[in-house]
Amino acid sequence: MTPDARHALVLFSGGQDSATCLAWALSRHAVVETIGFDYGQRHHVELDCRARLRDGLRRMCWPGVLGEDHLLHVGVLKELGASAMTDDVAIVLHDWGYGCGACPACQLRARGWAGWAGQRNAGG
């Protein structure tokens, strides 16, 4: 596959989902830059992994393709309201994972879980 000559910008938290998106972009574009947001999240582990992950990808797989990293400190987002991501708010556990159970993302995950559990219980 010939890389797309256009540059790409990937929102990269350092977690599994954004690392997958970054790898996808790196395999398709000539230069890929990353951007991340430090908004005062309680669990900083993903942001702590960003630099190591980027260095590993650059050395092992995509030398010359992985461009600059931009980390924006946007603590002002924490002031918009309490959430389990930024404040000591209890996270509710459902059968399929964590979440509120009411928002569209939670509903989508719940449907996915139900479908997977149904196939698993049916022997599929």
Atom of Ala25, atom of Val10 and distance for their closest heavy-atom approach: CB-CG2, 3.6 Å
Check Leu9 against Thr34 and note the closest heavy-atom contact, atom names and distance. CD1-C, 4.0 Å
For residues Leu71 and Asp38, report the shortest heavy-atom separation together with the two atoms involved. CD1-N, 4.1 Å
Measuring from atom CZ of Phe37 to atom OG of Ser13, what distance do you get when rounded to the nearest 0.5 angstrom? 11.0 Å
How far does CZ of Phe12 sit from CG of Asp17, to the nearest 0.5 angstrom? 11.5 Å
Rounding to 0.5 Å, atoms CG (Leu57) and CZ (Arg52) come to a distance of 12.5 Å
Any non-hydrogen side-chain atom of Arg28 less than 4.5 Å from a side-chain atom of Trp24? yes
Within the 4.5 Å heavy-atom criterion, are Leu66 and Leu26 side-chain neighbours or not? yes
Distance (rounded to the nearest 0.5 Å) between Trp62 CH2 and Leu22 CG: 7.5 Å
Under 3.5 Å, is there a donor-acceptor pair between the side chain of Arg6 and the main chain of Val31? no
Is Arg58 paired with Asp55 through a side-chain N to carboxylate O contact shorter than 4.0 Å? yes
Note, Val65 side chain near His29 side chain (heavy atom, < 4.5 Å): no
If every non-hydrogen atom of Leu11 is compared with every non-hydrogen atom of Ser18, which pair is closest and at what distance? O-CB, 3.5 Å
Hey, mind stepping through Val32 and His7 against side-chain contact (heavy atoms from CB on, under 4.5 Å) and telling me if it holds? CA-CA 6 Å; Val32 178; His7 292 204; over 6 Å; no
So do the side chains of Tyr39 and His73 get within less than 4.5 Å of each other, counting heavy atoms only? no
Locate the shortest heavy-atom distance separating Arg50 from His70; write the atom from each residue and the value. NH2-O, 4.0 Å
Closest non-hydrogen atom pair between Cys49 and Gly14, with its separation: CB-O, 4.1 Å
Atom CD1 of Ile35 and atom CD of Glu68: how far apart are they, to the nearest 0.5 Å? 11.5 Å
